[in-house]
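Below is one structure; the comments refer to it alone.
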Amino acid sequence: MIAPAVIGPDLIKTVLRHRYPMLLIDRIVGHEPGRSIVARRAVSVNEPWYRAVPDSAGPGGYGYPWPMLVESWCHAAGVLGAWQRGGPGVPGDLMMMFGSMTGLRFGRQVLPGEVVEHRVRLVRATSDAQIFEGESMVDDEQVMTLGRIVMAMRPAETLPARAAALTGNMPSRRSG
Amino acid sequence: MTAVGQATPLATPVLVTERGAGYVVTTMWVDPADPIFAGHYPGFPIYPGVCLVECAHRSALAAAEPDGPVIELAGVDSARFRNPMYPGGEVITRLEFAERDGEWICSASLRSDQVELAVVKLRFRMIDPARS
């Protein structure tokens, strides 16, 4: 398919199973299929992670939780990885599971109102795993470095029995 | 500690259940009603791996001595995910700390029942308490 210049949520949702409140990228603004991707994410104080922050909290209470920034970056990686099986607009049936992550460093806190740009590069891909690296920027400032992220791509039916039993509740997109 | 009142994806508190020589154990209930499961994933609830990392992070903050140095997360040296965590269960986290070059390295292993979930190594820096 011919990829449009900006890939928005409509196409992102065709390759990620993540949904509210866990769909953490807003748009893809650049990509080299199979090689790299640049995604944007606007941080809002209305996200559920801020629900427990009391009115008495100072500015330090509003730092975006690092694990969620990692998750957001990984969603960009997931869209990049999807080009291996056709790209946005071509539904896949693989679940993206974390294998491992190493070498993550965090800079200054990201705050509501800021737009984070995730840069992801595909380092290596095998039939059932993908290895990514990259960084996240706010304007020209690097706020996160990711040394090595390994994602396992698994057909849902190969997950342990407890999860597989639940797939009966899900509208299937499997072709076979 | 600065942990209370900060933004977090964890819907339930992390509780310290045991303090021993050089280690701390915490527990956290993974509530099936946690709204996060609606989107991760629809019809196929799996507790996000990053929330296990956050559980280790919050456990380390909860384990820190109140009169000790104020620490903040500087990085994740490594996190390896062994088995998925499903809704409705207790995450048991065992942590050990070591100081290295002015930073704290926290090694955490997470399990639920007898299932190993993840092994996480976190890096903390000490910060000026006046800043937070």
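So that the names make sense, note that chain A is the first sequence line, chain B the second, and so on, each numbered from 1.
Between B:Glu103 and A:Arg105 there is a salt bridge, since at least one side-chain N of the basic residue sits less than 4.0 Å from a carboxylate O of the acidic one.
A continuous path of ILVMFWY side-chain contacts below 4.5 Å connects B:Leu61 to B:Phe97, so both sit in one hydrophobic cluster. In this structure, A:Ile131 is not a member of the same hydrophobic cluster as A:Met151, with clusters built from ILVMFWY side-chain heavy atoms closer than 4.5 Å. There is a path of hydrophobic side-chain contacts, each under 4.5 Å, that joins A:Val45 to A:Val116. Both A:Val138 and B:Leu73 sit in one connected hydrophobic cluster of ILVMFWY residues. Membership requires side-chain heavy atoms under 4.5 Å apart, directly or through other members. In the hydrophobic cluster analysis, where Ile, Leu, Val, Met, Phe, Trp and Tyr join through side-chain heavy atoms closer than 4.5 angstrom, A:Leu111 is grouped together with A:Val43.
Residues B:Glu54 and A:Glu71 form no side-chain contact, since every pair of their non-hydrogen atoms from C-beta on lies 4.5 Å or further apart. Between A:Met97 and B:Pro84 there is a side-chain heavy-atom pair separated by less than 4.5 Å. You'll find the side chain of B:Arg80 stays beyond 4.5 Å of the side chain of A:Val150, heavy atoms only. Counting only heavy atoms from C-beta outward, the side chains of B:Val50 and A:Phe98 approach each other to under 4.5 Å.
Comparing B:Pro48, B:Cys51, B:Gly49, B:Pro35 by how many heavy-atom pairs each has under 4.5 Å with chain A, the most go to B:Pro35. The candidate from A:Met101, A:Met22, A:Met144 with the greatest count of non-hydrogen atom pairs under 4.5 Å with chain B is A:Met101. Counting heavy-atom pairs closer than 4.5 Å to chain B, the top-ranked of the candidates A:Ser100, A:Pro59, A:Cys74, A:Ala57 is A:Ser100. Interface remark: of the candidates B:Ala38, B:Ala74, B:Ala118, B:Ala74 forms the most heavy-atom pairs closer than 4.5 Å to chain A.
With a threshold of 4.5 angstrom between heavy atoms, A:Arg148 does not approach chain B through any atom at all. Looking at B:Arg82, there are no atoms closer than 4.5 Å to chain A (heavy atoms on both sides), in backbone or side chain. Residue contact with chain A, scored on non-hydrogen atoms closer than 4.5 Å, is absent for B:Leu52.
Counting non-hydrogen atoms of neighbouring residues, nucleotides and ligands closer than 6.0 angstrom, the CZ atom of A:Arg51 exceeds 12 such neighbours. Enclosure of atom CZ in B:Arg125 by more than 12 non-hydrogen atoms of other residues, nucleotides or ligands within 6.0 angstrom is indicated. More than 12 heavy atoms of other shown residues, nucleotides or ligands fall within 6.0 angstrom of atom CZ in A:Arg121. For CG of A:Asp10, the number of neighbouring non-hydrogen atoms (other residues, nucleotides, ligands) closer than 6.0 Å is greater than 12.
Pairing each heavy atom of A:Arg19 with each of B:Pro42, the nearest pair is CG-CG, 3.6 Å. In terms of heavy-atom proximity, A:Val53 sits nearest to B:Ala7 at CG2-N, 3.6 Å. Taking both residues in full, the closest heavy atoms of B:Pro9 and A:Pro65 are given as CD-CB, 3.9 Å, listed atom of the first, atom of the second, then distance.
How far CH2 of A:Trp66 is from CG of B:Leu122: 14.0 Å, rounded to the nearest 0.5 Å. Interatomic distance, B:Gln6 CD to A:Tyr64 OH, rounded to the nearest 0.5 Å: 15.0 Å. Interatomic distance, OH of B:Tyr41 versus CG of A:Leu23, reported as 11.5 Å (0.5 Å rounding).
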Report task. Starting from the C-alpha separation in whole Å, work towards a yes-or-no answer on side-chain contact (heavy atoms from CB on, under 4.5 Å) for A:Phe106 and B:Val76. Result -> CA-CA 8 Å; A:Phe106 307 133; B:Val76 179; 3.9 Å; yes

